[in-house]
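For the single chain, residues carry numbers from 1 onward in sequence order.
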Amino acid sequence: MKIAHWLVGAVAVLTPFVAAQADSESETFRYESDIARLRSLVIHSLYSHKDVFLRELLSNANDALEKLRITALTDRDVMRAGEANVTIEVALDEGGKTGQLVIRDTGIGMSKDELARNLGTIARSGTNEFLKRADETGGADGNLIGQFGLGFYSCFLVSPTVRVSSLPPPSPDNPEPVQHTFVSSASGDTFEVFPDPRGNTLGRGTEIVLTIPEEEQEWLSTNRLKALIDKHSTFSTTFPIYIKERTKYSTRKDDHEDAESEDDHVWVHVNDKPPLWMRDPKDVTDDEYKAFYKAVAKDGTEPLGWSHFKGDTQSGVSFRAIMYIPSTLPKDFWQKMTSGINNVRLMVKRVFITDNLGDEYMPRWLSFVKITVDADDLPLNVSRETLQNHQFLKQLRRILVRKALDLFGRLAESDPARYRDVSKLYGNALRIGMLESEKDKIKIAKLLRFQSTHSDWTSLEEYVANRKEGQKQIYYIAGVGEKAEDLARSPFVEKLKARGYEVLLLSLPSDEPMMGALNYFGGMKTQDVSKKGLVYGDEDEDRQEKKELEAQKIAFRPLIDALKAELGSQVSDVVLTNRLVTSPCTIVVDSHGWSANMARVMAAQAEAEDDPMFELMKNLPRVLEINPKSPLIAGLLDRALDGADIADETRVLFDTALVRSGFSVKDPVAYFDRIEALLRRSLGVDLAARADDTVRPAPPTAVGPLPDVDEEAEAEAAAAAAAAGGGDPFAGYASGDMMDGADFVDWAEMKRQLAAERGGDAERAHDEL
């Protein structure tokens with residue numbers, strides 16, 4: 001009967017390995033450092049996610065099949081052993097509560113050395129990083145396992161022992177390969193590798209046998225396994241996955257006897273659905289899109305958005321693709337911001353080709369998007385370099401950039417709340433795109449969002465729509481890392497804000513150069529309000545203000561001349577301004593010069609101080625603009641007209657204007673000395689008065705070694721003292737031990753006591769002499 005044949009086959013597959021372990025060729029290896037800790041971490045941190053083991057084993061099987069396919073491009077003989085596929089088989093023990101789960105692939109297989117190296121020390125390059133990340137996150141998860149290639153260890157989540165048999169195809173280096181077996185347990189710190197006593201039964205590939213105990217018997221259910229494959233691995237491989245299922249069939253001995261029901265087993269193709277990207281987007285659910293992303297990107301979080309599309313290139317090659325925007329960025333993304341290597345998976349007719357299309361394939365400002373592309377036709381038997389230069393890929397790159405911008409735009413329009421998250425996460429990358437992509441800068445500009453004096457969330461299109469009558473400039477002020485409310489209090493903004501104009505408040509490092517690169521948007525010119533060139537657009541309508549300013553220029557000429565004479569080359573000009581309301585003055589740079597914000601950004605760059613261009617731009621003369629309506633400026637004018645010396649006041653005024661405008665003072669010590677002098681005059685303190693600089697000298701130089709100190713005893717004593725005080729250095733104050741107002745000594749009395757003590761010290765020093 002058929003069931004008998006199956007039982008014989010199962011016995012052959014699951015023959016105990018006792019004989020092999022006794023074989024003289026068996027070798028025992030000890031796991032490398034940290035592997036035991038890592039295995040324990042994986043096993044004990046994933047009890048709520050045990051089903052991850054099947055996903056990881058199928059992912060490994062897919063990798064082996066991909067390596068076989070790539071090898072077959074140059075050596076067709078490796079495919080002689082038959083179809084490339086994955087099979088899953090359940091063999092129940094008597095009683096049906098325990099058994100073995102057997103997963104086979106007909107992939108590239110492994111030799112004896114490869115078994116020991118890949119399974120016994122698989123984490124030699126990733127272990128430390130994995131453990132570090134696990135410590136940071138408080139444990140491990142399936143996503144970490146996928147990232148660091150540690151999927152094999154997930155076997156021990158459901159099986160106390162694992163047996164792996166493998167046979168590579170013949171090759172020039174190994175023309176007669178021998179099938180070997182790897183055996184390890186979840187608790188042991190060693191593993192064994194020995195020739196398989198069954199001989200070369202696999203033909204090619206790898207077989208994993210998991211011993212499933214009674215408490216894990218759910219993994220012996222074919223329905224459960226099929227559900228897991230549908231959940232995790234439908235999208236992770238293009239190779240067929242078969243599972244062996246039990247069926248019933250009837251037999252009849254003759255016409256006079258009832259039919260008997262017997263068991264039979266058939267192979268069922270599990271992943272027979274068409275790939276997600278080949279289906280009509282209307283037929284794909286959001287959950288399926290999310291599951292596909294998690295499987296392909298090995299990311300446990302849900303994406304922020306996706307786009308499913310098809311297209312044709314001018315080279316005549318059509319394609320289908322799915323693009324995702326991840327919800328997280330690697331911690332070192334901005335330090336290692338590179339092009340999207342491994343983020344574009346290229347397939348041809350459902351067959352994976354490569355995920356490395358070159359360092360410069362996708363622009364670095366879009367390097368975070370995850371894309372799967374399936375082309376109808378491409379040459380497969382060429383080198384990667386030749387493939388990169390194929391006309392289709394050149395045209396595809398442009399299409400993918402356009403589709404990415406369309407995806408951002410669609411999210412911004414259809415889901416503004418979610419787009420806030422997108423903008424916060426990727427806004428800086430898009431700003432860099434403005435600098436690097438001249439062709440796309442207007443499209444990118446429409447995707448950017450800003451804070452302003454009118455709104456905490458606005459776009460350039462909204463800004464243009466809300467412009468004032470006659471306004472032809474987009475006003476902005478930039479300050480890296482500054483809060484919007486602080487930028488809004490800048491003297492450069494006060495007149496615009498008072499008049500009701502909207503000013504964009506920019507705080508990212510790329511904001512100012514990005515606005516400079518944009519230059520024009522919607523017919524309006526971008527204008528840094530801290531630079532020359534600010535125009536309201538209604539100056540001609542206020543003739544009275546113009547007349548008043550012209551009259552003030554004449555009246556304030558003596559002060560302007562005095563300021564120019566005192567400041568000299570530090571300023572290129574001193575002018576009256578109508579851009580200020582309450583501030584007495586401000587420092588303005590030329591429209592082509594560096595603002596204070598840009599100077600700080602450039603100064604933070606490596607080797608900036610040695611760059612002659614940096615020095616030139618940093619030291620360009622600035623314009624001091626003074627507000628004729630300010631009482632302080634009017635007071636300075638009066639003193640200048642009286643012929644008084646206003647040198648100190650001028651210096652303090654200029655340095656303070658530098659600080660308020662965001663620049664640094666050239667000589668901070670001299671600046672604070674002048675501030676002190678002004679404070680002394682306002683308080684009536686003699687400018688010549690000096691603080692008592694008498695100090696007690698240090699003791700003579702020590703001679704001899706330091707005495708031995710019991711550091712452990714001192715540490716224990718300190719800990720005991722801290723414990724006695726509750727660990728709080730201010731514990732005594734909280735209990736009412738702190739002095740109240742009556743305990744403080746009168747300041748005048750304290751000065752008399754100090755003077756008397758100093759006098760006594762002087763007399764004793766004189767007597768000693």
Subject >> Over 12 foreign heavy atoms within 6.0 Å of CD, Glu413 >> reply: no
Subject >> Side-chain H-bond candidate by donor/acceptor type, Ser452 with Thr458, under 3.5 Å >> reply: no
Original post:
Looking at Tyr293, is Lys370 sitting on its ring face, NZ or CZ under 6.0 Å from the six-membered ring centre and within 45 degrees of the normal?
Top reply: no
Original post:
Who are the side chain to side chain donor-acceptor pair (under 3.5 Å) partners of Thr526, not counting sequence neighbours?
Top reply: none
Original post:
Is a side-chain donor-acceptor pair under 3.5 Å present for Arg660 with Ser583?
Top reply: yes
Subject >> Exceeds 12 heavy-atom contacts within 6.0 angstrom, atom NZ of Lys441 >> reply: yes
Original post:
CZ/Arg279 to CD1/Ile322 distance, rounded to the nearest 0.5 angstrom?
Top reply: 9.0 Å
Subject >> Those residues that, when tested against Arg579, pass side chain to side chain donor-acceptor pair (under 3.5 Å) (two or more places apart) >> reply: Glu625
Subject >> Qualifying residues under salt bridge (charged side-chain N to carboxylate O under 4.0 Å, His left out), relative to Arg489, sequence neighbours excluded >> reply: Asp486
Original post:
Which residues pass the salt bridge (charged side-chain N to carboxylate O under 4.0 Å, His left out) test with Glu550, sequence neighbours left out?
Top reply: Lys553
Original post:
Do Thr285 and Asp287 have side-chain N/O donor and acceptor atoms under 3.5 Å apart?
Top reply: no
**OP:** Would you check if there is a donor-acceptor pair between the side chains of Asp440 and Ser437 at a distance under 3.5 Å?
**Re:** yes
Subject >> Steps toward side-chain contact (heavy atoms from CB on, under 4.5 Å) verdict (Val589, Asp528) >> reply: CA-CA 10 Å; Val589 298; Asp528 186 339; over 6 Å; no
Subject >> side chain to side chain donor-acceptor pair (under 3.5 Å) involving Lys483 - partner list, sequence neighbours excluded >> reply: none
Would you list the atom pairs, donor with acceptor, under 3.5 Å between side chains in residues 471-478 and any protein atom, with sequence neighbours excluded?
{"unit_1": "Gln471", "atom_1": "OE1", "unit_2": "Lys468", "atom_2": "N", "d": "2.9"}
{"unit_1": "Gln471", "atom_1": "NE2", "unit_2": "Tyr463", "atom_2": "OH", "d": "3.0"}
{"unit_1": "Gln471", "atom_1": "NE2", "unit_2": "Gln473", "atom_2": "O", "d": "2.8"}
{"unit_1": "Gln473", "atom_1": "OE1", "unit_2": "Val535", "atom_2": "N", "d": "2.9"}
{"unit_1": "Gln473", "atom_1": "NE2", "unit_2": "Gly533", "atom_2": "O", "d": "2.9"}
{"unit_1": "Tyr475", "atom_1": "OH", "unit_2": "Val535", "atom_2": "O", "d": "2.6"}

Subject >> Residue pair Pro363 / Arg397, side-chain heavy-atom distance below 4.5 Å >> reply: yes
**OP:** Enter the distance from Phe319:CZ to Leu400:CG here, rounded to the nearest 0.5 Å.
**Re:** 6.5 Å
